[in-house]
Participant: 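Have a look at this one before I ask anything.
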Amino acid sequence: MKWTKTLVQTLREDPGDAEIDSHKLLVRAGLVRKVAGGLYAYLPLGMRTLRKIQQIVREEMDRAGALEVVTPVLQPSELWRTTGRWDTMGPNMFKVKDRGEHDFALGPTAEEVFTDLAKGVVSSYRQLPLTIYQIQWKFRDETRPRFGLMRSKEFLMKDAYSFDVDAEGADRSYWNMYHAYERIFSRCGLKAVPVQADGGDMGDSLTHEFHVLADAGEDGIAWCEGCGYAANLEKAERRADGAAACAPQCAAFSEVATPGAKTIEQVAAFMNLPPEAFVKSLVYVADGRPVMVCVPGDRDVNDVKLKRFLGAKTLALADFDTVLAATGANAGSVGPVKPADASLRIVADASLKGATGRIVGANKDGFHLRDVDLARDTFLKDGDFADLIVVKEGDTCPHCGKPIVIKRGIEVGQVFKLGTKYSGAFKANYKNDRLEEKTMIMGCYGVGVSRTLQAIIEQSHDANGIVWPAAVAPYQVVIELLDPADASVAKVADDLEAALEAAGVDVIVDDRAERPGVKFKDADLIGFPVRVVAGAKGLANGGVEVKRRSEDKSMTRVVAPEAAVETVMSLL
RNA sequence: CGGAGCGUAGCGCAGUCUGGUAGCGCGUUUGGUUCGGGACCAAAAGGCCGAGGGUUCAAAUCCCUCCGCUCCGACCA
């Protein structure tokens, strides 16, 4: 391909609305252009890379035995009502009506469609196990699209769904996809790590997210250098060491006036004590009933863990009136000792078990209690303690006891055991060999294709631009034809282009009448993995110059034009 | 959905406070000189100043309404 025959428009300056490097580079290198907030057009270079990632995904899915299909973007509301998600997905889903006032969704995912499809197509155990997938555009009405393709309203996603006769089969399907994902990301030149994640509405289901570690990542990941434990912060556990008792014996609790001090920070400053000396008490409403949660003063409640522990369907912080009614005080002065509502359920983080000598809210505005012994002064029982806080850097790894570090990650894929949540709702059954009706066991598996494109850039760039892994580069090789007007030099470039194309290499020839500096800058910005320079001066000095994008200029190899193909191939 | 900021040429921005008829850099086009890491000179094209309404002799500029975008937070398969 000749540069002048395709459409490459690079920008010298960063786009004003881009925040992170990969977003800036996507636009500057001419891969995408914004159409509107969260909506992007892919230009030829971006399209080529997107297709290469798709192709890798497709090949690995096929290799794993999954079958490609495609289902409509536009999905009838009936399917979503079957699982109740028409309502529970809420405003995240784009909803539209046809002229007959029938409701449709622009698919944000496709569990319903695929389950319904499998129900219609599968009737016998002989057809199972089955994994089907598609690569299709998905739509989410994001509250805040940001970071370019990372969080957009429309994105390309590969979603796969497995159907099995039993739990063991579902397990095999799960790990089959898990390993396919390892291959996909590895072939994309990405270091993606599987981390344990929360199953959301799916209960204790096994699920892993694949994350590309990057400072720009939106998810926090707890990471143990000791044993390799990796978990999304929503899920991450810690080993809670028992609280130390005060010595030799605790005084009875007493009231302290703390006028105007609402937050732990304020009370801690007022009493001149560290936040750890306090117990932070928050009132939530779980399935319509208020619940108080106690955590150490310097820690945050993990809503996901709390929701799971309470077995609640809905969970949110209580409003001020509810807090007042439950405790007798306004937020900022509430605590687990004698709340106004004596039947208020109280739970506490495991690290508070045995805690003594703590300061808690007095359930009376402007007052706190000191020297509180949780066992002595509250009705907390052993069963009310659980791991309920967000893991922090330095916490103890639950498996090996080493300290945990916190990293940031970009989620590029997730594998998920669904069980019978969807197949049950749709009565997606099959007949076993004894003519019994059985429900299929499902799993679902997603890869964010467009997001992966950006994650690759985020993980592989330098000050000059993108450094594409060869497998996903828009072109693997750029030939810098420095003297396009010189017929003999142009012929060298043409011959090399033809020879490389014959060898199956994607190559672009920069045949623009630009100065060399401009061409080099653009080549670095776009990040073609291998660069060949064909110039009159170089040819007079022995041949063409070959180097990798990732290499310093000093690594440049000068080779005779006839030998260039071999050199290039060895560098890819 | 709360808080903050911004909408002026394809891109990045100034001009707005203090109203007087539109500017800079990059990019684009033409000509010339250059030519191995984003050259220089000359000329040119390109704007309903986000939209609508109001004030005024006069509005990019002041006032009102709406829309869009970005950031922080909340939320998030």
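Since the structure is predicted, the reported quantities are computational estimates derived from the model, not experimental observations. To find a chain, count down the sequence lines: A is the first, B the second, and so on, and within it residues start at 1. Note: hydrogens, waters and symmetry copies are ignored here, and every other heavy atom, side chains too, is used.
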Participant: What is the distance from CG of Asp17(A) to P of U70(B), rounded to the nearest Å?
Facilitator: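 Distance check: Asp17(A) CG to U70(B) P gives 6 Å.
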
Participant: By nearest atom, which of the nucleotides C71(B), G38(B), G37(B) is closest to the Thr10(A) side chain?
Facilitator: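 The nucleotide sitting nearest to the side chain is G38(B).
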
Participant: What integer number of Å spans the P atoms of C17(B) and U21(B)?
Facilitator: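 Pairwise P distance, C17(B) against U21(B), rounds to 14 Å.
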
Participant: Of the nucleotides C75(B), G36(B), A39(B), which one has an atom closest to the side chain of Asp303(A)?
Facilitator: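 Nearest listed nucleotide: C75(B).
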
Participant: Taking atom C1' in both U55(B) and U61(B), compute the distance separating them and give it to the nearest angstrom.
Facilitator: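 Rounded to whole Å, the distance is 13 Å.
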
Participant: Which nucleotide, C11(B), G27(B), G36(B), lies nearest any side-chain atom of Lys537(A)?
Facilitator: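 The nucleotide sitting nearest to the side chain is G36(B).
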
Participant: Tell me which nucleotide among C69(B), G36(B), C11(B) gets nearest to the side chain of Leu482(A).
Facilitator: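 Of all the options, the side chain of Leu482(A) is nearest to G36(B).
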
Participant: Applying the Watson-Crick and G-U wobble criteria at under 3.5 Å, what pairs with G25(B)? Answer none if nothing qualifies.
Facilitator: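 G25(B) is paired, partner C11(B).
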
Participant: Between Arg12(A) and G38(B), does any side-chain N or O lie under 4.0 Å from OP1 or OP2?
Facilitator: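 Result: no.
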
Participant: Do Asn330(A) and Val323(A) have side-chain heavy atoms sitting under 4.5 Å apart?
Facilitator: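 No, every pair of side-chain atoms sits at 4.5 Å or beyond.
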
Participant: Counting Watson-Crick and G-U wobble pairs only, both distances under 3.5 Å, name the nucleotide matched with U56(B), or none.
Facilitator: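 Paired with U56(B), as far as the under-3.5 Å criterion goes, is no nucleotide at all.
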
Participant: Base, sugar-phosphate or nothing for Arg33(A)? Non-hydrogen atoms, less than 4.0 Å.
Facilitator: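 Sugar-phosphate: the residue Arg33(A), judged by heavy atoms under 4.0 Å, touches backbone atoms but no base.
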
Participant: What nucleic acid atoms does Val533(A) come within less than 4.0 Å of, heavy atoms only: base, sugar-phosphate, or nothing?
Facilitator: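 Since a base atom lies under 4.0 Å of Val533(A), the category is base.
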
Participant: Taking the C1' atom in each of G47(B) and G23(B), what is the distance between them to the nearest angstrom?
Facilitator: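 Those two atoms are separated by 11 Å.
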
Participant: Can you tell me, in whole Å, how much space there is between the C1' of A44(B) and that of C48(B)?
Facilitator: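 Between the two C1' atoms, the distance is 23 Å.
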
Participant: Tell me which nucleotide among G27(B), C72(B), C35(B) gets nearest to the side chain of Arg146(A).
Facilitator: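 It is C72(B).
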
Participant: Taking atom C1' in both G27(B) and G20(B), what distance in whole Å separates the two?
Facilitator: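 Straight-line distance between the two C1' atoms is 32 Å.
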
Participant: By nearest nucleotide on RNA chain B, pick out whichever of Arg515(A) and Glu111(A) is the more 5' one.
Facilitator: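 Residue closer to the 5' terminus by nearest nucleotide: Arg515(A).
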
Participant: Heavy atoms from C-beta onward define the side chain here; which of C76(B), C71(B), G36(B) lies closest to that of Glu545(A)?
Facilitator: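 Within the option list, the nearest is G36(B).
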
Participant: Run Asp300(A) and Lys280(A) through salt bridge (Lys or Arg N to Asp or Glu O under 4.0 Å) and show every step you take.
Facilitator: CA-CA 9 Å; Asp300(A) 295 316; Lys280(A) 189 194 290 184; 3.5 Å; yes

Participant: Among Leu26(A), Val8(A), Thr6(A), which one satisfies side-chain contact (heavy atoms from CB on, under 4.5 Å) with Leu45(A)?
Facilitator: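 In the set Leu26(A), Val8(A), Thr6(A), the residue that makes a side-chain contact (heavy atoms from CB on, under 4.5 Å) with Leu45(A) is Val8(A).
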
Participant: Decide whether Thr322(A) and Asp319(A) meet the rule of one side-chain donor and one side-chain acceptor closer than 3.5 Å.
Facilitator: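 Yes, Asp319(A) and Thr322(A) have a side-chain donor paired with an acceptor closer than 3.5 Å.
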
Participant: Using the C1' atom on both, measure G5(B) against A9(B) and round to a whole Å.
Facilitator: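 Pairwise C1' distance, G5(B) against A9(B), rounds to 23 Å.
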
Participant: Looking only at atom C1', what distance separates C49(B) and G3(B), rounded to whole Å?
Facilitator: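 One C1' to the other, the span is 28 Å.
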
Participant: Counting the benzene-type ring for Trp, do Tyr133(A) and Phe114(A) have ring centres under 6.0 Å apart?
Facilitator: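 Centroid distance Tyr133(A)-Phe114(A): not below 6.0 Å, so no.
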
Participant: Hunt down the Watson-Crick or G-U wobble partner of A4(B), both distances under 3.5 Å, from any strand shown, or write none.
Facilitator: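 Its partner is U70(B).
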
Participant: Using the P atom on both, measure U16(B) against G68(B) and round to a whole Å.
Facilitator: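 It works out to 28 Å between them.
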
